[in-house]
**Student:** 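Dumping the structure here so I can ask a few things about it.
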Amino acid sequence: MSSESSYQRIYRVVQRIPRGRVATYGQVAGLAGLPGHARQVGYALHATPDDLDLPWHRVINARGEISRRHDAEFENIQAQLLDAEGVEPGASGRIDLKRFQWQPRR
DNA sequence: TTTATGGCTGTCA
DNA sequence: ATGACAGCCATAA
């Protein structure tokens, strides 16, 4: 396990996210053992092989919203997936992190 | 090798 | 609430 890449840790954390819950990049980074590398988490997700069922759509930014990607359609897909899991944005169009943010135990 | 950018975050105005 | 600044480090050129 010591030779596992940071990506592997990130993937593992993301796969750990339960359905109907979301996590922020910084949170995933911290859980993956990479505190402060929130950005890299985003890159790791972008480089995620589709071989893994990585629920990247459950990972959002600290604002509780979907980050602006180069493809606006993907943003829509992510929003739909979250909505399908019961995660709906508030009146401001943002997800209530206080309510939907994944709270891992220990 | 260096430089620039980026699916971010947190703080300050 | 929004906007600007700085810091972290991997990937691309």
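Within every chain, numbering begins at 1; the chains are lettered A, B, ... in the order of the sequence lines, protein sequences first and strands thereafter.
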**Student:** State, to 0.1 Å, how close Ser67(A) and Asn61(A) come at their nearest heavy-atom pair, and which atoms those are.
**Tutor:** OG-ND2, 3.4 Å
**Student:** Quick one: is dC8(C) close enough that its OP1 or OP2 comes under 4.0 Å of any side-chain N or O from His37(A)?
**Tutor:** no
**Student:** Distance check: side-chain N/O of Tyr43(A) vs OP1/OP2 of dT11(C), anything under 4.0 Å?
**Tutor:** no
**Student:** Establish whether Ile95(A) and Val59(A) are linked, either directly or via other cluster members, by ILVMFWY side-chain heavy-atom contacts under 4.5 Å.
**Tutor:** no
**Student:** Would Val22(A) and Leu31(A) show up in the same hydrophobic cluster when neighbours are defined by side-chain heavy atoms closer than 4.5 Å?
**Tutor:** no
**Student:** What N/O pairs connect the protein and nucleotides 9-13 of chain B at under 3.5 Å? Give each pair on its own line.
**Tutor:**
from: dT9(B); atom 1: OP1; to: Ala62(A); atom 2: N; distance (Å): 2.8
from: dT9(B); atom 1: OP2; to: Ala62(A); atom 2: N; distance (Å): 2.7

**Student:** Using the closest heavy atom to pick a nucleotide of DNA chain C for each, name whichever of Pro35(A) or Ala47(A) lands nearer the 5' end.
**Tutor:** Pro35(A)
**Student:** Are Ile10(A) and Trp102(A) linked, directly or through intermediate hydrophobic residues, by side-chain heavy-atom contacts shorter than 4.5 Å (ILVMFWY only)?
**Tutor:** yes
**Student:** How close or far is atom C1' of dC9(C) from atom OH of Tyr7(A), stated in whole angstroms?
**Tutor:** 10 Å
**Student:** Applying a 3.5 angstrom cut-off to the pairing atoms, does DNA chain B sit in any stems of at least three consecutive Watson-Crick or G-U pairs? List them by first number.
**Tutor:** B:2-6 with C:9-13, B:8-13 with C:2-7
**Student:** Among Arg19(A), Arg21(A), Gln15(A), find the residue that satisfies the side-chain contact (heavy atoms from CB on, under 4.5 Å) test when tested with Arg58(A).
**Tutor:** Arg19(A)
**Student:** CD of Glu73(A) versus C1' of dG7(B): gap in Å, rounded?
**Tutor:** 16 Å
**Student:** Hey, is the side chain of Arg58(A) poking within less than 4.0 Å of OP1 or OP2 on dG7(B), counting only N and O atoms?
**Tutor:** no
**Student:** Any link between Ile60(A) and Phe100(A) through a network of hydrophobic side chains (Ile, Leu, Val, Met, Phe, Trp, Tyr) touching at under 4.5 Å?
**Tutor:** yes
**Student:** Expressed in angstrom and rounded to an integer, what is the separation of Ile10(A) atom CD1 from dT11(C) atom C1'?
**Tutor:** 13 Å
**Student:** State, with a plain yes or no, whether a side-chain heavy atom of Gln80(A) is found less than 4.5 Å away from one of His57(A).
**Tutor:** no
**Student:** Decide whether Leu34(A) and Trp56(A) are clustered together by the hydrophobic rule: side chain heavy atoms of Ile, Leu, Val, Met, Phe, Trp, Tyr closer than 4.5 Å, transitively.
**Tutor:** yes
